[in-house]
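By convention in this document, chain letters (A, B, ...) are assigned in the order of the sequence lines, proteins followed by strands, and residues within each chain are numbered from 1. Side chains are part of it too, since the values below use all heavy atoms of this structure and drop only hydrogens, waters and symmetry mates.
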Number of protein chains: 2
Amino acid sequence: MRNDCMKEKDCASYCCDMRGMLSFLILFLLSKKPMHGQEIAGELEKRKGMRPSPGTLYPALRALRDAGLLKEAKKGKAITYSLTPEGKAGLKRAKEHFCRVFTGVLEQ
Amino acid sequence: MRNDCMKEKDCASYCCDMRGMLSFLILFLLSKKPMHGQEIAGELEKRKGMRPSPGTLYPALRALRDAGLLKEAKKGKAITYSLTPEGKAGLKRAKEHFCRVFTGVLEQ
DNA sequence: CTCCATATATTGGGTGCCCGATATATATTG
DNA sequence: CAATATATATCGGGCACCCAATATATGGAG
């Protein structure tokens, strides 16, 4: 059971398993500023408390690129990712859905 | 690919795949008021646009009960679920984690 | 009682997120 | 030119969410 953390006092939450939210978070982070992969990994680590493995992050970035939602710019050994117009539009719609699903969760 | 909706104009978002958020949402909904299973399903349908199947909902409720996070009260053919003190405490921690992960997402 | 609607419950299986390990490429340092 | 560090990339597999189909139980209408 992935949510073993549900029984552990030292785990912050039950939603430590946020499958399916990775792409959404990536799009959101890149909307703040373009970043390369390891920067994204670092930001995710700060927020989630766990650093995504390369096998998690890079396939996700590739899928988003293949879907036309973000574009790449190679600089040295790093690749800077940024949102395409489609990515921005998609993020907007995703946020709306997110708000509808989690209405009231953040209140009080 | 579950996220086929990423390519469809009529789908609200990329986060339609919210695996791992079901238990969190159930705890949140029950913190508002005790409900029985089908009420929960209806509320989830309103928020997510899709009604969870029985094979999704009831095992989730059972797992939360077995974890001591909610209790059941049978009334006729329906079972009213409500949070235990452990469930309330767990939801509080889950919310904190949720807020940390999604800081800034709902802004502007 | 019989029929039907509603609620709960179980089973089997698909899907794809995500991880760990490993590989490749580029930069930097000495 | 090695040697090391960093970034990207791939591969195989586990696992848990989630669904569709089906089963059981309770209650109400006639």
Each nucleotide N or O in nucleotides 28-30 of chain D that has a protein N or O under 3.5 Å away: list the pair and distance.
none

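- The CZ atom of A:Phe24 sits 17 Å away from the C1' atom of C:dC17 (whole-angstrom rounding).
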Given Watson-Crick or G-U pairs with both distances under 3.5 Å, what dot-bracket string fits DNA chain C, with | for other-strand pairs and [ ] for crossing? ||||||||||||||||||||||||||||||
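- No donor-acceptor pair closer than 3.5 Å links the side chain of A:Arg65 to the backbone N or O of A:Glu72.
- For A:Pro54 against A:Pro59, the heavy-atom pair with the smallest separation is O-CD, 3.4 Å.
- Across every non-hydrogen atom of A:Gly37 and A:Tyr81, the tightest pair is N-CE1, 3.7 Å.
- Put simply, CD on A:Glu45 is 16 Å from P on C:dC18, counting in whole angstrom units.
- The nearest whole Å value for the distance from the CE atom in B:Met21 to the P atom in C:dC17 is 16 Å.
- Here A:Lys32 does not pair with A:Glu43 in a salt bridge; the nearest charged N to carboxylate O distance is not below 4.0 Å.
- Counting only heavy atoms from C-beta outward, the side chains of A:Ile79 and A:Lys75 never approach each other to under 4.5 Å.
- Straight-line distance from the CG atom of A:Leu44 to the C1' atom of C:dC17: 14 Å, rounded to whole Å.
- In this structure, A:Gly76 and A:Leu22 both approach DNA chain C, and ranking their closest nucleotides by distance from the 5' end singles out A:Leu22.
- The nearest whole Å value for the distance from the CD1 atom in A:Ile40 to the P atom in D:dT6 is 19 Å.
- Contact check on A:Lys92 versus A:Glu96 returns a salt bridge, with a Lys/Arg side-chain nitrogen under 4.0 Å from an Asp/Glu carboxylate oxygen.
- Of all the heavy atoms in B:Glu107 and A:Lys95, the pair that sits closest is O-NZ, 4.2 Å.
- Results of the side chain to side chain contact (heavy atoms under 4.5 Å, CB included) test with A:Lys71 over A:Thr80, A:Thr84, A:Leu64, A:Leu83 single out A:Thr84 as the only residue that passes.
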Could you please spell out the steps behind the side chain to side chain contact (heavy atoms under 4.5 Å, CB included) verdict for A:Leu61 and A:Ile40? CA-CA 10 Å; A:Leu61 287 170; A:Ile40 297 172; 4.0 Å; yes
Within the sub-3.5 Å range, which N or O atoms of nucleotides 7-12 of chain C have a protein N or O partner, and how far apart are they?
| from | atom 1 | to | atom 2 | distance (Å) |
| --- | --- | --- | --- | --- |
| C:dT8 | OP1 | B:Gly37 | N | 3.1 |
| C:dT8 | OP1 | B:Ile79 | N | 3.0 |
| C:dT8 | OP1 | B:Ile79 | O | 3.3 |
| C:dT8 | OP2 | B:Gly37 | N | 3.4 |
| C:dT8 | OP2 | B:Gln38 | N | 3.0 |
| C:dT8 | OP2 | B:Tyr58 | OH | 2.5 |
| C:dT8 | O5' | B:Tyr58 | OH | 3.4 |
| C:dA9 | OP2 | B:Tyr81 | OH | 3.2 |
| C:dT10 | O4 | B:Gly55 | N | 3.3 |

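- Minimum interatomic distance between B:Ala41 and B:Pro52 (heavy atoms only, all atoms of both residues): O-CD, 3.8 Å.
- Here B:Phe28 and A:Phe102 keep their ring centres 6.0 angstrom or further from each other.
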